Amino acid sequence: MPELPEVETVVRQIAPGVEKRTIRGLDLYWARTLSGGTRARVERAIVGARIARSYRRAKWIVFELAAGRGALLVHLRMTGRLFVRATKEPASDYVRLSLALSGGKRLDFEDVRKFGRVHWCADPNEVFESLGPEPLADDFTAEDLHMALTSRRRMLKPLLLDQTVVAGLGNIYVDETLFASGLHPLTASDRLGRADTERIHTNMRRILARAIECQGSSFDVFYRTPEGQPGRFQDEFLAYGRDGRPCRNCGTELIKLTVAQRGTHVCPVCQPKPRRRRVAKKKRTARRTDTTSTSRP
DNA sequence: CGGGTATCCTGATAGC
DNA sequence: TGCTATCAGGATACCC
Ligand SMILES: [Zn+2]
């Protein structure tokens, strides 16, 4: 469900409901949802702690606790959701963890597929160390991106999905960015020129910013804002989920590929396969003597 | 190092 | 209609 724009929306909407409240208790309904310590250890750290502030880093939602009690980091993965409810409201389906809060509220973490995590840590930097830059940060330049992409040879799409390179993109926004940039997802990253990386940088930031304005993208039951509304950016998709439909740019039918085990939507005309080689082929088969060859298409 | 695959889970829906 | 196969906004641990 959640990529940078959805997570940003969740943080903005959830913040007023939790900041300045004190955690009174922890209810855990799926053990593996909680990480970063045993339940007892985490409970000892957070119960009685006040939530000082909340913010987003990459796809993490961060609840910073006051008085050196560490932080709770929430990752929604595929189907996670957060809602603030009144204590007396009945529990909804798929609640995996719930924090009792002061003021008669609670914070529910729901997650159909159970991939999401609520992670406690003494210092969030432990987790953030391995993350790349925020794509919307003022100091994230096209030059930074150029270096990050061209300093190694990787397939372009998996590289953009790699959170250590740029933090926050997922399958939707990578497909949209590549379409807008006219680049094939299998392009070898070290073959990108300045003009290419410049376009990726510009388009990525424009698309993410616009998607935040739209409060993210919804196209099934999973992603809802904490206020319960679907996002609106799906109405502006040019690539994601549009396979079999005409390209908005040239009219050609979009196709769907699989890249890095992810559904990948491309216009075969606007995003031509790189002429040269794509990413390193493994050139096994030292020499074919052809003695055993049978069928050869 | 880079890329492919399996794994964690459940439910919606496409296809027969 | 009913059953089964496929797929899903993520990330990571292995294997070659
Ligand atoms: Zn096109």
Side-chain angles (χ1 to χ4, degrees), chain A residues 1-10 29-35 56-61 73-82 93-97 109-119 127-128 130-132 149-178 185-191 207-208 211-212 214-225 230-237 239-244 256-265 277-285:
Chain A
M1 164 229 323
E3 304 179 31
L4 187 155
E6 290 77 26
V7 177
E8 180 65 28
T9 301
V10 170
Y29 305 99
W30 182 255
R32 304 182 61 172
T33 296
L34 183 67
S35 69
R56 179 192 62 75
R57 172 74 174 102
K59 298 174 191 171
W60 290 98
I61 298 156
L73 310 196
V74 177
H75 201 302
L76 304 172
R77 291 283 181 96
M78 297 290 266
T79 56
R81 304 168 160 200
L82 283 179
D93 291 341
Y94 310 117
V95 177
R96 309 304 183 195
L97 183 152
F109 176 73
E110 303 179 0
D111 188 15
V112 169
R113 291 180 68 184
K114 302 175 175 173
F115 291 165
R117 292 291 179 267
V118 177
H119 183 263
V127 173
F128 300 160
S130 58
L131 294 174
L149 298 182
T150 59
S151 61
R152 48 196 148 183
R153 185 183 191 79
R154 292 272 302 275
M155 299 188 299
L156 181 54
K157 173 164 176 173
L159 191 54
L160 290 172
L161 287 171
D162 185 336
Q163 303 296 297
T164 69
V165 174
V166 185
L169 296 176
N171 206 35
I172 293 176
Y173 298 103
V174 167
D175 277 9
E176 293 297 321
T177 296
L178 291 177
L186 295 179
T187 307
S189 65
D190 63 344
R191 303 194 80 256
I207 289 166
L208 291 172
I212 290 171
C214 293
Q215 303 190 131
S217 308
S218 300
F219 37 84
D220 62 21
V221 71
F222 289 121
Y223 171 65
R224 293 288 108 101
T225 73
R232 289 173 274 104
F233 189 71
Q234 67 280 0
D235 298 336
E236 301 181 24
F237 284 173
Y240 187 84
R242 297 199 69 251
D243 49 301
K256 186 172 179 179
L257 316 171
T258 298
V259 176
Q261 287 91 249
R262 314 299 300 274
T264 298
H265 313 80
R277 239 209 231 2
R278 305 197 294 257
V279 137
K281 290 290 158 104
K282 50 174 62 163
K283 43 180 76 159
R284 21 183 318 149
T285 321

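We use all heavy atoms of the structure for the numbers below, so side chains are in, but hydrogens, waters and symmetry mates are not. Quantities reported herein were computed from a predicted structural model and do not represent experimental measurements. In what follows, chains carry the letters A, B, and so on, assigned in the order in which the sequence lines appear, proteins first and then strands, with residues in each chain numbered from 1.
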Can you check the distance between B:dT7 and C:dT6, where both ends of the measurement are the P atom (answer in whole Å)?
16 Å

With both pairing distances under 3.5 angstrom for Watson-Crick or G-U wobble, and | for a partner in another strand, the correct string for DNA chain B is .|||||||.|||||||

The nucleotide from B:dC9, B:dG2, B:dG11 with an atom nearest the side chain of A:R113 is B:dC9

Indicate the ring-plane relationship of A:W60 and A:H75, choosing parallel, tilted or perpendicular according to the 30° and 60° boundaries. perpendicular

Ranking B:dC9, C:dA11, B:dG4 by distance to the side chain of A:Q163, first place goes to C:dA11

A:M78 atom CE is separated from C:dC7 atom C1', nearest whole Å, by 9 Å

key: Sugar-phosphate, base or nothing in reach of A:Y240, heavy atoms under 4.0 Å   = sugar-phosphate

With a 4.0 Å limit, can you tell me whether A:K59 has a side-chain N or O closer than that to the phosphate oxygens OP1/OP2 of C:dA11? yes

With heavy atoms under 4.0 Å as the rule, sort A:D111 into base, sugar-phosphate or nothing. nothing

Could you tell me whether A:W60 contacts a base, only the sugar-phosphate backbone, or nothing, with contacts defined as non-hydrogen atoms closer than 4.0 Å? nothing

Ranking B:dG11, C:dA11, C:dA8 by distance to the side chain of A:Y94, first place goes to B:dG11

Spell out, as yes or no, whether a donor-acceptor pair under 3.5 Å connects the side chain of A:R56 to the backbone of A:A58. yes

The side-chain hydrogen bond (donor to acceptor under 3.5 Å, both in side chains) partner of A:K157 among A:T177, A:N171, A:D162 is A:N171

Between C:dC7 and B:dA6, how far apart are the two P atoms, rounded to whole Å?
13 Å

field: Stacked pair A:F115-B:dC9, distance under 5.5 Å, angle under 30°
entry: no

Testing B:dG2, B:dC9, B:dG11 for proximity to the side chain of A:V112, the answer is B:dG11

Looking only at C:dA11, C:dC7, B:dC9, the nucleotide nearest the A:W30 side chain is B:dC9

A:K114 vs B:dC8: side-chain N/O to OP1/OP2 distance below 4.0 Å:
no

